[in-house]
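Computed from a predicted structure; not experimentally measured. Numbering of ligands and ligand atoms starts at 1, following listing order. FYI, side chains are in, hydrogens and waters are out, and symmetry mates aren't considered; it's all heavy atoms of this structure.
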Amino acid sequence: MSFGIFGRAAGGAVLMNKIGAEGAEAGAFAASVQRHLMNDVGVSPAMARAGEWMRATAMASRDRLGERWVQTQEEDVANHARRAYYLSAEFLIGRAMSNALAALNLDKDFAQEMASVGASAPDVLESEPDAALGNGGLGRLAACFLDSLATLGVPSMGYGIRYEFGMFSQRIADGRQVEVPDNWLAQGNPWEFPRRDVAYPIPYGGWVDHVEGRPVWSPHERILARAYDMVIPGHSTERVCTLRLWRATALDELDLAAHTRGDYSRASEARSRAENISWVLYPDDSTVQGRELRLRQEFFFVSASLQDIIARHVREYGTLENLHEKAAIQLNDTHPALAVPELMRLLMDEHDFTWEQAWYQTERIISYTNHTLMPEALETWPVGIMQYLLPRHLDIVYEINRRFLDRVGKLFPNEPELLRRVSLINEDGERRVRMAYLSIVASTKVNGVAKLHSDLMVQTIFSDFARIYPDRFTNVTNGVTPRRWLAQCNTGLANLIDATIPGNWRCDLDQLKRLDEFAGDAGFRQKLADIKLANKQRLAAYVERELGFSIDPNALFDIQVKRMHEYKRQLLNVLHVVQRYREMIANPNADWQPRVHVFAGKAASAYRMAKLIIHLIHDVARAVNNDARLKGRLKVVFLPDYRVSVGEKIFPAADISEQISTAGTEASGTGNMKFALNGALTVGTWDGANIEIAQSVGLDNIFVFGLRTEEVEKLARQGYNPSAWYEGNADLKAVIDMIGSAYFSPEEPDRYRPLVDALLHRDQYFLLADFAAYVETHRAVDLAYRDRDAWLTKVVHNIAGMGTFSSDRTIREYCQRIWKVPAR
Ligand code: 26Q
């Protein structure tokens with residue numbers, strides 16, 4: 001193609017205009033930040049501190065996002081768009097600023113502007129508190145999904161709870177976890193748009209009458225759900241996604257009658273009862289206790305969200321007849337499963353649908369994602385609590401069950417046991433509603449979150465349902481957003497990728513495949529090595545700041561960060577560290593690979609064993625880090641208060657990613673993806689998405705070890721005897737004895753008795769059976785790390801193989817296979 005002078009000149013003029021426009025844009029943004037600083041934050045540029053610049057910048061960004069929000073809404077209304085609604089009790093958003101600036105293309109201008117006013121851009125970004133409205137993987141997945149929904153331009157909304165207190169902050173005192181409330185709204189939330197005109201009454205309790213054959217629910221109380229919106233920007237698009245979070249308040253701020261009588265405590269009681277509901281996030285990950293307040297929370301956000309969806313639909317179409325054509329609702333696990341009876345109730349009791357009409361729509365609108373096979377994490381609610389809190393919903397659940405069992409009985413006659421097994425009501429002992437079964441029966445599709453997990457789901461916990469509904473079950477493997485988890489958290493690597501391959505990999509992660517070609521390029525590998533070193537230095541500086549403790553960036557960084565849980569086997573990692581320690585003491589002059597073992601993660605407040613493991617990590621760290629015989633070649637670090645913003649510093653700095661759950665227990669994992677995307681090699685079991693990562697990056701480029709799911713099952717069937725494994729391996733015995741002795745806890749010799757007893761007599765997660773293979777694998781890791789070129793080659797293949805683990809791919813699959821909504 002050739003350009004005439006005219007074409008060139010014209011193109012040049014366009015370019016000039018664009019630069020001119022962007023320059024003006026940047027100037028306008030700087031002015032807007034300053035205006036917000038003076039008018040809303042109330043401080044002069046000369047006096048402003050980091051947190052004040054942060055708030056002013058957030059408000060200026062929010063203005064821009066508001067414009068995009070209005071535009072997106074108008075488009076969706078004009079197009080009569082079918083929308084996807086993501087219902088989740090958790091959204092682990094983290095910080096919003098870097099992401100918003102990147103999406104608005106203002107990141108460089110921001111850095112310049114901060115420099116010109118003498119503020120430190122990194123300090124300003126660091127002053128933003130994390131929005132920690134989630135526990136772990138499930139909540140963070142929801143946040144990655146919003147990013148992809150916006151970026152793919154999917155007409156969509158997230159719905160959740162605006163918890164006053166998010167995930168607790170974790171402090172460590174004498175090696176023990178201490179939970180501190182997370183008052184994330186203390187300084188206000190500069191990102192949210194309170195929608196004062198969007199509020200719905202939420203009914204609870206009371207009784208159901210039948211008037212002329214129609215059920216009439218007379219609730220005992222009503223509270224109000226008020227909407228607060230966060231705008232989630234898309235990247236390389238002006239489209240945004242809305243996250244609508246509900247806050248609970250009293251319907252009548254004051255019980256006026258009581259107030260007039262002078263009964264002030266009665267008056268304020270109603271208020272605090274109501275506000276309790278969105279007060280605090282339950283900090284339990286994977287275990288479920290049936291607390292009434294939790295059920296109130298679940299119904300609260302489900303009912304508000306459905307009323308909102310219905311109101312929007314009626315506004316746009318004037319009828320509900322085509323609701324199922326315009327709305328797809330995804331349940332993020334069973335926490336929003338009350339959407340099933342609530343949608344039925346709203347359609348029948350408030351909009352005069354017949355049962356058949358309401359069910360026809362419900363079955364087409366709702367889908368359910370399962371995130372765990374662990375029996376203790378499957379939600380069930382005592383019928384008594386439901387009867388008391390949601391009597392009308394219990395009736396509807398009974399009727400769904402009656403019709404369902406009727407159908408199953410006809411499909412599979414002569415199988416009374418089947419009816420008992422699949423009943424939505426568990427009749428063994430205290431009668432309970434099985435929320436997963438309720439979700440399946442009402443869903444268009446039910447999906448697991450990685451191939452193995454989806455297969456096991458239909459083979460184990462839901463096998464009866466797979467017979468009844470063979471076409472309902474599917475898999476959608478999780479993903480993570482490459483914007484936050486590569487472009488923003490690892491600018492060094494992002495710049496190198498920009499300079500190496502063409503195309504917009506940030507929004508088309510499959511482009512990373514092209515990096516494979518550069519595996520053999522020594523110059524490229526050296527740049528990768530330099531970037532990794534810089535990231536390790538950054539993490540070392542953070543460790544120094546947080547713990548006053550220095551680590552060597554040239555050592556191998558071996559990292560395990562995730563919620564503390566027995567099935568995730570942080571304890572297996574500790575056993576290996578202790579084994580290494582023993583070997584190093586026995587042979588101090590050998591050429592040991594210097595290593596830093598980093599741990600981080602929160603334990604549920606009531607989870608004794610998980611807390612004991614945190615204590616053990618600290619005790620082992622104390623012994624190892626102060627043992628002069630090791631000459632600094634082995635260090636153990638527990639980084640407190642793991643959260644999204646800490647993850648952003650950790651993932652880019654890892655050499656080794658620990659993904660060592662017992663095969664068959666980790667549904668997917670998403671940390672595994674974040675590590676590999678940032679150039680860490682995985683030491684992992686054949687579990688969850690590790691399997692698909694291995695298949696994608698190649699078995700030569702990952703360290704797989706341990707029993708497979710079938711082998712674990714076989715061992716369990718044969719009668720697993722952990723003490724035989726203990727007796728049969730001298731190293732393992734010595735490691736466990738060392739922990740059981742007073743070696744690491746001289747001030748309390750019996751501290752680890754419960755832990756050692758559990759290992760020797762139960763070992764529910766087969767640590768002892770996998771120990772030898774795990775230690776062996778780490779020897780192979782040390783050897784591999786010494787061959788720098790070979791190691792870096794593997795690193796390249798890891799990054800290059802991660803395209804498929806973008807949450808953009810995941811969301812496209814949901815759009816095509818489940819929601820039937822268009823995506824870019
Ligand atoms: C339920 C009822 C009452 C209180 C708390 C809960 C509750 C809260 C959170 C139960 C479970 C969770 C979180 C589960 C979770 O994070 N699961 C993880 O989901 C990820 C995303 O799919 C997967 O990658 C992980 O494998 C899975 O463990």
The criterion is salt bridge (charged side-chain N to carboxylate O under 4.0 Å, His left out); which residues satisfy it with Arg171, sequence neighbours excluded?
none
Return a table of N or O atom pairs, ligand 1 on one side and protein on the other, at distances under 3.5 Å, rounded to 0.1 Å.
| from | atom 1 | to | atom 2 | distance (Å) |
| --- | --- | --- | --- | --- |
| ligand 1 | 16 (O) | Leu138 | N | 2.9 |
| ligand 1 | 22 (O) | His371 | ND1 | 2.6 |
| ligand 1 | 22 (O) | Asn478 | OD1 | 2.8 |
| ligand 1 | 24 (O) | Gly669 | N | 2.8 |
| ligand 1 | 26 (O) | Glu666 | OE1 | 2.7 |
| ligand 1 | 26 (O) | Ala667 | N | 3.4 |
| ligand 1 | 26 (O) | Ser668 | N | 3.0 |
| ligand 1 | 26 (O) | Gly669 | N | 3.1 |
| ligand 1 | 28 (O) | Tyr567 | OH | 3.2 |
| ligand 1 | 28 (O) | Glu666 | OE1 | 3.0 |

Tell me if the aromatic rings of Tyr607 and His565 count as close, with their centers under 6.0 Å from one another.
yes
Per the salt bridge (charged side-chain N to carboxylate O under 4.0 Å, His left out) rule, what does the pair list look like for residues 132-147, sequence neighbours excluded?
Asp147-Arg483
Would you indicate whether the side-chain heavy atoms of His335 and Leu138 approach each other to under 4.5 Å?
yes
Would you call Asn690 and Ile702 a side-chain contact if the rule is heavy atoms closer than 4.5 Å?
no
Applying ring pair (Phe, Tyr, Trp, His ring centres under 6.0 Å) to His371 and not counting sequence neighbours gives none
